[in-house]
Amino acid sequence: MTKPIKKIVFPVAGLGTRFLPATKAIPKEMLPVLDKPLIQYAVEEALEAGIDQIMLVTGRNKQVMEDHFDHAYELEKILQEKGKAEALEISRSMLLPEGSISYVRQMRPRGLGHAIWCARHFVNGDPFAVSLPDDLIKGKPGTLKQMIEAYNEVGGNFVATMDVAREDTSKYGVITPGARNGNMIEVKGLVEKPHPEDAPSTEAVVGRYILQPEVMDHLAAKEIGAGGEIQLTDAMAKLIGEQPFHALNFEGTRFDCGSKIGWLTANIAMASEDPSLAARLKEAIGQL
Ligand code: G1P
């Protein structure tokens, strides 16, 4: 029997330098795609997968995310007075049961692995999911749900992966693949951001993980990896051989919303599926 996945950690302390000046005063996770901030898409995907305990690993200047998941009394009062029922409902859509979301500060930017380690008391010995909100994935069901279904069959650890162009391997964690079973691939090795000529495959990790709590023991060693940072990939690599480790080549489209082109494409993709926008969007783009 595998222990169910009820907890998720969102590392959201990053500076968002690729989106300056937009991200000078607002967190990159609050950038909207259409009308919802990235963090909301990520939380909705987790809820769809049956996860109900959420931790955001934040940093300075990230408080506005706490406000996003709380009442906005003044706004709600005005919308109520004006009889704007639909807007009121939308503004309240992210009010989860009290106590569902906790926050911890990563006090220094020491890498993704360090951010996850900051959530060790929340994880407290349970298997957990990790999601990077920059990676917006459109899929039905959502990627986390697909991963949890696979995890319920074989247990252990999972990374979501997709096949990328070889010249792009240096942007990702990359797996050494073993046996394949449908879209599930045994992971025999993991390396962070390899040069194309050194990459063990082109199966690249995108920002969704299911991890066993023992990863925290490896993160506690605080070994410095690629880019001078404490890498989650390095700690995960140490679990291989100790525990089952699989990749799920998920079904869905991933947008790298940490990059301008990915974020723009995500906006267009979402708008193209909105019947109130699709036709006018096409027309507007045609006129550019
Ligand atoms: C992080 C991870 C990397 C993963 C990527 C997915 O890198 O370290 O292994 O492939 O997210 O988006 P980052 O994009 O934060 O540099």
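Start at 1 and go down the list; that is how both ligands and their atoms are numbered.
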All ring-ring contact (aromatic ring centres under 6.0 Å, His included) counterparts of H114, not counting sequence neighbours: W117
More than 12 heavy atoms of other groups within 6.0 Å of E86 CD: no
Which of the ligand 1 atoms, numbered from 1, are nearer than 4.0 Å to a heavy atom of T233: 9 (O)
Exceeds 12 heavy-atom contacts within 6.0 angstrom, atom CD of E81: yes
Residue, atom name and distance, where the atom is the protein heavy atom closest to atom 10 (O) of ligand 1: V205 O, 2.6 Å
With A204 via side-chain contact (heavy atoms from CB on, under 4.5 Å) - residues at least two apart: V164, Y172
K138 NZ/CZ over F255 ring centroid, <6.0 Å and within 45° of normal: no
Under 4.0 Å to a heavy atom of D135 - the qualifying atoms of ligand 1, by number: 6 (C), 12 (O)
Residue, atom name and distance, where the atom is the protein heavy atom closest to atom 11 (O) of ligand 1: L132 CD1, 3.4 Å
Closest to atom 8 (O) of ligand 1 among E192, E229, K193 (heavy-atom distance): E192
Contact bool for atom 14 (O) of ligand 1 (protein heavy atom, d < 4.0 Å): no
D134, portion touching ligand 1 at heavy-atom distance under 4.0 Å: neither
Pairing of D126 and K3 as salt bridge, 4.0 angstrom limit: yes
Ligand 1 contact by R254, heavy-atom criterion under 4.0 angstrom: yes
